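The structure appears below as structure tokens.
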Amino acid sequence: MSLIGFDAAHAVLFFIGAAITGAGFGLCFMGSISTVTAAALARGHSQLLPGLFALAYVAVSMPVVALGAAASRFGIAATPSWFALLVALLAVAARAIAIHSSRPQPG
């Protein structure tokens, strides 16, 4: 929705999409924090939570740096569409991997 709002220069659609994306990211991050905290407490590995924060920082900052570099080379108008396509393809690949790995293995 954010991409459609960006492409159509429609601010309301853009901000609604950004709000939905932000809510989804927040819920996923909250789930990650609770899962890692439970694992750290259960196993006594206090280094897990700082490791998660470091990984999350890299995961959030690297796409922004890559988008900036791509925008300076390919233009600000085309870059978000290509980035959205890449994210969609990666999501489909991750889903396929998740389905494949959840199937019982023969043997």
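Keep in mind it's a predicted model, so treat the numbers as computed, not measured.
One distance of note links CE of Met30 with CZ of Phe25; it measures 12.5 Å at 0.5 Å rounding. Atoms OG and CG, from Ser32 and Leu49 in turn, are 11.0 Å apart once rounded to the nearest 0.5 Å. Taking CG of Leu90 as the reference point, atom CG of Leu85 lies at 9.5 Å (rounded to 0.5 Å). In this structure, the separation between CZ on Phe74 and CZ on Phe83 is 14.5 Å, given to the nearest 0.5 Å.
Shown here are the side chain to side chain contact (heavy atoms under 4.5 Å, CB included) partners of Leu48, two or more places apart in sequence or in another chain: Val36, Ala39, Ala40, His45.
In terms of modelled atom types and a separation under 3.5 Å, the side chain of Thr79 and the main chain of Ile76 share no donor-acceptor contact.
Between Pro63 and Ala59, the shortest heavy-atom distance links the atoms CD-O, 3.1 Å. Closest approach of Ala77 and Pro80 over heavy atoms only: O-CD, 3.7 Å.
By the rule that hydrophobic residues join a cluster once side-chain heavy atoms approach within less than 4.5 Å of another member, Phe29 and Val58 end up as members of separate clusters. Residues Leu89 and Trp82 share a hydrophobic cluster, clusters being chains of Ile/Leu/Val/Met/Phe/Trp/Tyr side chains in contact below 4.5 Å.
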